Structure formats: structure tokens, C-alpha cells
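Scroll down for the structure; my scribbles are underneath it.
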Amino acid sequence: MGRKRRPENAWMPRWVERYKRGYRIKRRGHPTHHLAGPDASRAEVWAAYERWEEGQRGQQFTVSDLIDLYFASPQYTKHLKPSTQEDYRRYSKRVRAVFGEMEPDAITSPIVQMFMDARGAEHPTAANRERTFLGLVMRWGKARGFVTVEDPTAAVRPFRESRGGRYVEDWEYEAFWDWLGRRGHVMHQCAAEIAYLCAARQQDVLALTRRQVTDEGVLITQAKTGKSQIKLWTDRLREAVNLALSANTEAPVQTEYVIRTRTGGPYTRTGFNAIWQREQRAALAAGVIRERFRFHDLKIKAASDFDGDVQRFTGHKTRSMAERYNRTPDRVVSLDKARRK
């Protein structure tokens, strides 16, 4: 039961209240709607309310509406990195297809579990990401009055995910690196070298600028963790960076990025990956490699090939996360105990 109105406000229609800009409709689980200015008469407020009510017939506030509000909010537009925004847009497509026409308050944990069972049968990782996105939007909506139920994804356990990716053998890497050069993809060669030698993520390599090339080495700030590291120069790293800076110099526009497109601008993740995947397929068909590998697998190779403190090298916050990338078997002594006579 709602609060009892003050006597001076008893004439107002349901859900209508005064605020600094006049009169508005404010009801739990729905967006706020401005009705009339502060100087409107009672008759004008009622007329505006009746027009609004007429337009609301047959309409409902859906999960798609909630997602649209979230995507327009500062929490999405200002507080998330572009790569994360792109991921959320991708996750939202499946969520809209399944839950988009439902009212948020109608979503229950059993419904989410049914979705996870169906989606996870073939794509467990995608199901986990989409479940996470749905829960994020539901919690965001509840905090702002658009949703009244508790997060229905909280009671649904995600699928257990196996370690993704694989170790890339030296001959595979060298064969594909040479293939990229023969096909004219010098920037992809350089990006692969920098990622491998620095154990760097793709987004950090593509975001690398000339200002990050210092006398000591390459300054890489991880977008995911915020960790900054100067990767000290080696002959091989310096050669890769110099090759990138000397390529594409004839482009009409020259930007500060180290890895640049043919027009001189930065690569998008989608554009870079489109070329990488296309060349992987072509190299596989030509017999240059025997199995495709991801660009991110170069970080696995780097962590596995590094002889030293892997956590310090990769910049991970925890040793357990660093060890997820290390695919080199541990070398331990075997038991040496004499047999009992």
C-alpha cells in the first residue's frame, strides 16, 4: 500500500507528483514521464495525464526497454571501456531475442535456468556471458526503480569453463609470421611480435602509441587491470617496434599509433581480427600451419616460454591467474628412495 497523499495533492491522478519542472508520472519499474509545467492548472494536468494513459494502453515496459535505458546511461557510456561496451552489445543480442518482450519483473530464476540449459548445451561460455549481462542490467534497473524483483540470475550457477586457447609451437608461430609478411600484413607481424615478446593483450597492443615507446622500453598499461609495465628493450622487441614505425609512412594521415592501418589510423579489434582470421584460414588451407590459433594464444605462448617470475612478467594480479596462461609442465624431482631389502 502506498503512502497517503497530502491533502493539497489529493486531486492529482495516480502516480503523479510535483517536481522542480512541474508535474510528472513516477511509478516503480517504469521510466519517469514529464506531464506538464509548474504553471499548469489542475484541468491541464488531468488532460495531460489522460493523453498519456491513452498512449499507454496496450504497451508494457520490457527487458528491451531496460537494456536501451542502460545503454544510454553514464554507467555504460562513460564508465566502460569501448571494448567492454562492444562485448555488452554483442551479449545483448541473445538476451533481447530470448527475454526482450518480457517484463523485467516476470523473469524468474527457473526461466533463466531454462535459458542456460538450452543455450549452454552447445555454447556454455556464451551462455555464461549472457547470464552475467542479464544480471547486470537487472541489478542496474532495480537500483533505479525499473525492476522490483531480486536479480533472478543470482540463483543460477554458471557453467564450469575449461581453460581456453592453446600453446603455439615455435615452428607454427614462425611459419605464420612469415606467411603474414609474404601476404603484405606487416602490421599484423609487428603486433604479433609485440604481443608475444611482452605477453600483452591485443587491445593493449592496438592502443600502443609513440609516446609509450621510451628510452628504456615499451610502456604498456593494461586496460583490463590498469597495471603499467615498462617492457625493457631486447633486440627482437626493438626490431618489431621499428618495423611498425617505418611501415605505412606513405599514408595521407599519420596518427600517433604504433600499429596502424593502410590509411594511417588505428585498427579496431573487429577489423584487425577479420584479417587475422582470414589469413589463418588461408595458411591452414595452404598447409603452412596444421591448426588455427588465436591472437590471444600468443600470450599463452609468452607465459609458457618465459623463464622466471611469470606473474611479474604478465602483470597479473594473482599468481593463480598467471599460471592459467603457463602451459609448460612443471619439472619436479621424482621420489628417490631405496627399495627395502
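Computed from a prediction, not measured in an experiment: that's the story for all the values here.
Of the possible donor and acceptor atoms, none in the side chain of T32 sits under 3.5 Å from a partner among the backbone N and O of K26. Between the side chain of Q277 and the backbone N or O of A274, no donor-acceptor pair lies under 3.5 Å. A donor-acceptor distance shorter than 3.5 angstrom exists from the side chain of W46 to the backbone of W11, with no hydrogens or angles considered. Side-chain atoms of K227 do not come within 3.5 Å of backbone N or O of Q222 as any donor-acceptor pair. The main-chain N or O of G265 is found under 3.5 Å from a side-chain atom of T261 such that the two form a donor-acceptor pair. Using a distance-only test at 3.5 Å, with no hydrogens or angles considered, no donor-acceptor pair links the side chain of R90 to the main chain of Q85. At distances below 3.5 Å, not a single donor-acceptor pair connects side-chain atoms of E101 with backbone N or O atoms of T62. Checking side-chain atoms of R260 against main-chain N and O of V258 turns up a donor-acceptor pair under 3.5 Å. Between the side chain of W15 and the main chain of I25, no donor-acceptor pair closer than 3.5 Å is present. The backbone N or O of A47 sits nowhere less than 3.5 Å from a side-chain atom of E50 that would complete a donor-acceptor pair.
With hydrophobic clusters built from ILVMFWY side chains whose heavy atoms lie under 4.5 angstrom apart, L69 shares a cluster with Y91. A continuous path of Ile, Leu, Val, Met, Phe, Trp and Tyr side chains, each step under 4.5 Å between heavy atoms, connects I275 with W177, placing both in one hydrophobic cluster. Cluster membership for V16 and Y19, using ILVMFWY side-chain heavy atoms within less than 4.5 angstrom, is not shared. The hydrophobic clustering, which links ILVMFWY residues whose side-chain heavy atoms are closer than 4.5 Å, places L136 and V149 together. No continuous path of hydrophobic side-chain contacts links F295 to I300 [ILVMFWY only; heavy atoms under 4.5 Å].
F176 CZ to R183 CZ: the interatomic distance, rounded to the nearest 0.5 Å, is 9.5 Å. Distance check, rounded to the nearest 0.5 Å: CG of L180 to CD of E193 gives 11.0 Å. Once rounded to the nearest 0.5 Å, the distance linking CG of D305 with CG of D170 reads 6.0 Å. Distance OG/S228 to CD/Q212: 8.5 Å, rounded to 0.5 Å. Rounded to the nearest 0.5 Å, atoms CG (N9) and CZ (R18) are 5.0 Å apart. Once rounded to the nearest 0.5 Å, the distance linking CG of D105 with NZ of K142 reads 8.5 Å.
Of all the heavy atoms in E291 and E172, the pair that sits closest is O-OE2, 3.9 Å. Residue G135 comes nearest to D151 through the heavy atom pair CA-OD1, 3.6 Å, listed as atom of the first residue, atom of the second, then distance. Heavy atoms only, all atoms of each residue included: G37 and Y23 are closest at O-CD1, 3.5 Å. Listed here is the closest heavy atom pair of I259 and C190: CD1-CB, 4.1 Å. In terms of heavy atoms, D297 sits closest to G165 at OD1-CA, 3.1 Å. In terms of heavy-atom proximity, Q202 sits nearest to F272 at NE2-CD2, 3.3 Å.
Other residues, nucleotides and ligands place more than 12 heavy atoms under 6.0 Å from the CZ atom of R236. When the shell of 6.0 Å around CD of E8 is examined, it contains more than 12 heavy atoms from other residues, nucleotides or ligands. At most 12 non-hydrogen atoms from other residues, nucleotides or ligands lie less than 6.0 angstrom from CZ of R262. Open room surrounds CG on D307; 12 or fewer heavy atoms of other groups in view lie less than 6.0 Å from it. Counting non-hydrogen atoms of neighbouring residues, nucleotides and ligands closer than 6.0 angstrom, the CZ atom of R290 reaches no more than 12 such neighbours. Heavy-atom contacts from other residues, nucleotides or ligands closer than 6.0 Å to CE of M114 number 12 or fewer.
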Query raised in the report: What's the verdict on side chain to side chain contact (heavy atoms under 4.5 Å, CB included) for R182 and V288, showing C-alpha distance, side-chain angles and the deciding distance?
Result: CA-CA 12 Å; R182 295 198 304 271; V288 174; 4.3 Å; yes
Report task. Go through R89 and Y76 one step at a time and tell me if the side chain to side chain donor-acceptor pair (under 3.5 Å) criterion holds. Result -> CA-CA 11 Å; R89 290 281 182 182; Y76 175 83; 3.1 Å; yes
Report task. Give the C-alpha distance, both sets of side-chain angles, the deciding distance and a yes or no for salt bridge (Lys or Arg N to Asp or Glu O under 4.0 Å) between E169 and K301. Result -> CA-CA 8 Å; E169 299 289 345; K301 178 173 177 58; over 6 Å; no
Query raised in the report: Can you list the steps and then say if E86 with T270 is a side chain to side chain donor-acceptor pair (under 3.5 Å)?
Result: CA-CA 10 Å; E86 184 180 341; T270 302; 3.1 Å; yes
Query - Working for side chain to side chain contact (heavy atoms under 4.5 Å, CB included), residues L35 and Y49 - result: CA-CA 7 Å; L35 272 185; Y49 176 82; 4.1 Å; yes
Report task. Let me see the working for M116 and T153 under side chain to side chain contact (heavy atoms under 4.5 Å, CB included), right down to the final yes or no. Result -> CA-CA 10 Å; M116 291 291 287; T153 68; over 6 Å; no
Query raised in the report: Checking side chain to side chain contact (heavy atoms under 4.5 Å, CB included) for the pair V63/I67: CA distance, chi angles, key distance, verdict?
Result: CA-CA 6 Å; V63 171; I67 292 174; 4.0 Å; yes
Distance-only check: which donor-acceptor pairs under 3.5 Å involve side-chain atoms of residues 238-245, not counting sequence neighbours?
from, atom 1, to, atom 2, distance (Å)
N242, ND2, R238, O, 3.3

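Ring geometry for Y70 versus Y88: interplanar angle of 30 to 60°, hence tilted. By the 30° and 60° cut-offs, the orientation of the rings of H188 relative to Y267 is perpendicular.
A donor-acceptor pair shorter than 3.5 Å cannot be found between the side chains of Q113 and T108.
Looking only at side-chain heavy atoms (C-beta outward), I111 and P152 stay at 4.5 Å or farther from each other. Using a 4.5 Å heavy-atom cutoff, the side chains of R131 and V95 are not in contact. I107 has its side chain within reach of V112: a pair of non-hydrogen atoms, C-beta onward, lies under 4.5 Å apart. At a threshold of 4.5 Å between non-hydrogen side-chain atoms, the residues V147 and W140 do not count as touching. Taking the side chain as every heavy atom from C-beta outward, T125 and N128 never approach each other to under 4.5 Å. Within the 4.5 Å cutoff, side-chain heavy atoms of E17 are placed close to those of R24. Considering only heavy atoms from C-beta on, V156 stays 4.5 Å or farther from F115 through its side chain.
Salt bridge annotation for D87-R269: present, with a cationic side-chain nitrogen under 4.0 angstrom from a carboxylate oxygen. Under a 4.0 Å N-O distance rule, the pair R96/D68 qualifies as a salt bridge. Comment: R139 does not engage E150 in a salt bridge, judged by the lack of any side-chain N to carboxylate O separation of less than 4.0 angstrom.
Relative to the six-membered ring of F313, K231 meets both conditions, a distance below 6.0 Å and an angle of at most 45° to the axis.
Under a 4.5 Å side-chain heavy-atom cut-off, the cluster of Ile, Leu, Val, Met, Phe, Trp and Tyr residues that includes L232 is completed by L219, I230.
Within the structure, every pair that satisfies the ring-ring contact (aromatic ring centres under 6.0 Å, His included) test and touches residues 190-249, not counting sequence neighbours, is listed here: Y173-Y196.
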